[in-house]
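Notes to accompany the following structure.
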Amino acid sequence: MKKRVVASFIVILIIFSISFVDAKEARTFEDLLNSFVKIFNFEITGKATGTEPTISITYPSNNANITTLSITATGGSTNANYVQVRLNNGAWQNVNGLNPWNTNLNLITGSNLIEAKSCAATCSGIRSINVNYYECINECSLNGIKQCSGNGYQTCGNYDQDFCLELNSVTQCLSNEICSNGECVNSCTSECNLGEKVCSNNGYKVCEEVSLNCYKYSNVIECSQNEVCIEGSCVSQVIPEDKCQDNTFYNKCSLTKPLYCEEGELINDCETCGCPGNKFCSPSGNCIDEIEELGEDEEISLINHAPIVSFIEIELGNDEILSLDLNEYVLDEDDDEISIKFNDNNLIYTSEIIDCNLEDKFLECDNPKKSNIKEILKLIASDGIEEREFSIELEIINKESGTPPVADSGKDIKAYVNSIIILDGSKSYDIDNDLSKDKKNYIWYEDNKEIGRGVSLNLKYDKTGEHKITLKVTDSSGLSSEDKIEIDIMDKEKCRNTNTIYFPEDTICNNKWPYIQGSLIKINSEDYACNLFEVCDDSIDYIIEDAINCCAGITLNDTKKINVCNFAVRYSNTNPKKCQGLYLIKSLGGNQIYMQDYFTAEMCCSGYSQLCPDSKNLYKAKPKPNTEVNLKGLKCYNTKENDARIGKWVSDTDMSKNNIALFDAPAHVSLNILSTGTCNDYSIALTTLLRKIGYAQNQVYTVTTSNHAYNLIKLPLDKKYTIADTTGNNEPPIVLGSVPQGYPYCESIKFCYNDNGQVKCPELNKINGCEGLRKTGDKYDPLAEWRKYFE
Amino acid sequence: MKRIIIIIIFLVLINLASAQKLEIVKESKTELIYGDNLNVKIKFNNPYNSNKIFEIKEILPQSITLVNPKNSEIEYYNGIKVDIYKWNINAKPNEIITIEYIIKPDNLGYYSIKPTMITDTSSEEVYKSQTIDFFVTCKSNNICDEGENSLNCILDCKQSGNDNICDYKADNICDPDCEEDPDCKIDNKFSLDKRMIYIIGIIILILIFIFIKKMKKSK
C-alpha cells in the first residue's frame, strides 16, 4: 500500500516538474494549471500530430466599436488540442470548443486587446485584435425622434464620443406653449373669459387662468344648503313661500318704499307703494330726486335698497359670553356701508339680565346675570339712507347639568430658575364631551390667585422654592373640577457649566462642545456624546423659544415659522409638548428654517461620487452652504489619492482647521454655522433640540443604518415611536401614524444614540408602521409571536 | 450743492439696486382629493436689462408620481433618493417666465414643496421662492382603507380607532394607540373590579372545598 502511494506521488511530481519547465513564463496559478493540463494532455492522449496548429478570430472584428460590457468572442482553429484566449495581457484562458471556439469576455472601457492561440504539441502564433468599448446605453431609440422634457423637447441623436444615442439639451417651449408628442403646441384653448361665472348643478364654476392666457372653468363650487345658483352666484332661497326676501307678504308693499312684493320678488312700484321722503315717483316705478334730469340708466343707480335684516334667536348658557358677527345677519343689496346701533341710538346696552356692546358690527355680551329667562335686544341697521329695525332674542339657560369635567394639570414639575415651565392641562376631559379648549375654561391659580388662562400656560420663576398650582376646568354646563400640581424650582443640577435654560433633566452632560464628556460614540467620525448632542449649548436656545412661543399662541415673526407653527398646532390636539416636538421636526423639513439643503460639499470632499452631483466638486469643499456665517477658509483635506481621511470639526472661528470630509457635526455647527448637514447632522440636531425641549432619554433617538440616519420619536400620549427623517429638508419629514417613504426605514435600523450615548433601539413592533417587519439581517424567529404573548 | 448731488446719486443707486430684484411666485392648490393631480406654477422675472440664463431647480417631495414632465434628475441625500426638476431658461430683459409642472401625491396628508431655487448662471446668485403646503384628503367611501386614519380621512376613519393615531378624548372608546386615554382609565377600573371578583370567587371555592372535606372527615 505504502509503495503504491509513494509511486503515485513520484508520478505526480514528475508531471508537475515537466509542466513547471513549460510554465516558466506562467504568472498565475491558472497559467501553471494550464501548463499542467497541456503536458497532461500530451502525455496521456499523445495526440501530437506534427502538423502546426492554426487560429482565427471571427468575432469581434479588428477595431470594432462595442457598447456592451460582456461579449462572446468566436473563432476557429485547426490541428489543435485546445484553444486559449487572453484579454488585455491577462492570463490565458481555455475556451469552449476548437473549431469553432467561443468564450465570454468582460471588456474594460476604452481599447481592449484580445489575443488567441491554439495549441497541440506546440502552439500556433498569437492572433490579436483591438476592440473599443464604451459603456453606454441608448437613451432613446431612433435618431431624430423628438421627445418632451419639462416644458420643452429633446432630440435623439449621437452628440458625444460614445456610440450610443442620447437626447440633446432641452429646447424650451414658449411660456404659453406646452410640449406634446415632442412638439411645442399652444398649451390650451380658452373656454371662457377670466372671472366669468356659470351655474352648474347646485353650484357655480369660475373662469380661471389655467396657463398663460388660457382660461378654463374651475371645478364646481357647491352652494350651501339654503342657497341656489342664479346667474353664476349662490343666493339665499326665498324662505317662506308667501313672503318676499324682506318678509313682505305677496302683493303687499314692503316697508322699504317703493318696493312691492310680486310673486316672491321685490319690484319697484312707487305708484302703488309711494316714495320715501321728498322723492318723486317716476313712470318706471322708481323713486327719483328730480323728475326732469334723469335718463334711464341714472334712474336705476338712484334706487336705494334698505338693509335686509333677519330675526335672530340665540341660546346662551348662564356662564357664556356672546360674541356675534352681525355681518352674517344684515345685508345690503346695494353694498352700502351698514352701521348698527341699539334702538336707543347707543352702542352700549345694559339691563338686569345682560350687558352688551356693539363695536363695528360685532355684538359682544358678558356673562348673563340671570338664567332661565329671555331677553330681546332691539337694534337698528342703517345704510346711511334707510334704517331697518331688527331683534335678537336671547334665551339664557342654566346649563349646570350632566357630569363634571375631570381636571388634569399633569405631573409635578421640577424646574430651574428662569427656565420656562409649561403647565399642561390638555389631558383634562369631560365624558359629556362639553369641555371646549376655550381659554376661559382653563384657569390656573397659585395661592387662590389667578395666574393665567388657557389649556397650557407658560411660567417662569426667578428664585428657588416650591409653588402649588391649581387648575380649574369648567365645562359648558358650568360644572367644574380642580387638579393640583407642585412646582419645585431648584438651582441647576445639569448643564452646570453653561448658561442654557433649556436642557433635559435626565442628561449626563454638564458642558457643551468642545469637552470630553459622555460616552465615546462613532457614527462617521468619533466624538463624545455630549459634544454631538449638545443639550447644554445655550446658543441654540432661541430655537427652543420659537417652539415654546408657537405652541403658547404667541405669533412668530416669520412667514415660514408661522407655516410650521400652523402644522404643529393642527396636529398636536392642544398638547403643548407634542406641538413643540412637531414644530421642531417640521422646521427642519421643507420650510427650511434652521437648516437648509443638503451638505453636498461634505460628500464631495469625501469622494462619494454618487452623493456629489457635480463631479467637478469631488475632493473640494464645494458647493458652499447657503449660510449667513462667513465660511471663508473652509477646506477639504482629502484628495483622490488619499480619500480615507475622516473629517472633524475643530474650530468655530478658524474654518481652515476643519476638515469636512464625512464628519459628524456638533448640533450648534449644523444649526448656527453651516445651517445644513448630511443625514447624521440633521438627525443629531433634531435629537438635541427635542431633548432640550424636554423629551426624555427614552423618547428620542438618532438612528443610524449602513447608509443613512434619521430619528425615532415617541410623541406625547402615543404608545409607539414615530420615525422622522429631516435629511436635506426631506418632505414630508414625518408621517403621523406611519413611516416616511423613500427608504426602508424600519428594516434598516441598526444603532440608536442620544446625549446619554448608545442605547438599545426599540423593537420594530413598537414603531408606527414597522409592525410585522424584520430588521435586515435578523433571522426569522417563528416563536417571536409566542414570546411576545408571554411577555 | 455737493451734498444734494451726492444724495441724488445715492437715491438713484438705491433705485437701481431695488429695481434689480428677482421675484419668484410659486402657486398651487392648498387642498386636493386623493387621486387628483397637483399643478404647480412658478413665475419669476428677469429684472436685468440683458438676456440672462437662469437655472431653475425644483426638489420634489417623497411619495409622489411625476405626471408632467415624466422624467426627472435624481440626487441622493445619503440613503434617500430625491427627484429633481431642472430647467435652463434664457430670459429676455424684464421678461416674466412661467413654468408649470404636474405631480400626483401618492399618499394622504400634509405635503410641502421646498422653495424653488433659481440661479442666475452669470453671477451664481441663488434666489429662493416660498414653500408651498398642501393637504391631500381622502375620497370618502365610508371604509377606513389602508393609509387612511383619523387625521387624514376623518370621514371614513372614526376617532379613537386602531389606526396608529392617538386621539386623547373621552368618547367611551379606549384608543389602543394611546399610552393614556380617559376611556382606558375607566376600563382599567373595570378590569380591576373584575379581578377582585375573580379573587373573591376563588377564595369562596377554596373555603367550600375545605368545608366539604371537613364535613367528610367528621362523618
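Lettering follows sequence order; numbering is per chain, from 1. Quick caveat: nothing in here was measured; it's all calculated off a predicted structure.
- In this structure, no portion of Asn152(B) lies under 4.5 Å from any heavy atom of chain A.
- Tyr571(A) places no side-chain N or O within 3.5 Å of a backbone atom of Leu151(B) that could act as its donor or acceptor partner.
- Relative ring orientation between Phe567(A) and Tyr110(B) is described as tilted, the plane-to-plane angle lying within the 30° to 60° band.
- Neither the backbone nor the side chain of Tyr85(B) comes within less than 4.5 Å of any heavy atom of chain A.
- In this structure, a donor-acceptor pair under 3.5 Å is absent between the side chains of Lys128(B) and Gln596(A).
- A donor-acceptor contact shorter than 3.5 Å is absent between the side chain of Lys720(A) and the backbone of Asp177(B).
- Looking at Asn730(A), the atoms closer than 4.5 Å to chain B (heavy atoms on both sides) sit in the backbone and in the side chain alike.
- For chain B, no part of Gln154(A) is nearby; none of its heavy atoms comes within less than 4.5 Å.
- Here disulfide bond (SG atoms under 2.5 Å apart) pairs that include residues 101-149 of chain B, with residues two or more places apart or in two chains, are Cys138(B)-Cys153(B), Cys144(B)-Cys157(B).
- Heavy-atom distances place no part of Asn566(A) under 4.5 Å from chain B, backbone and side chain included.
- Neither the backbone nor the side chain of Ile99(B) has a heavy atom closer than 4.5 Å to any heavy atom of chain A.
- With a 4.5 Å cut-off on non-hydrogen atoms, Asn149(B) touches chain A through its side chain but not through its backbone.
- Scanning residues 55-63 of chain B against chain A with a 4.5 Å non-hydrogen threshold yields Pro61(B), Gln62(B), Ser63(B), sorted by number.
- Asn164(B) places no side-chain N or O within donor-acceptor distance of the main-chain N or O of Asn768(A), the cut-off being under 3.5 Å.
- Ranked by heavy-atom pairs under 4.5 Å with chain B, the list Arg570(A), Met603(A), Lys560(A) is led by Arg570(A).
- Annotation: side chain of Ile80(B) is in contact with side chain of Asp725(A) (closest heavy-atom distance under 4.5 Å).
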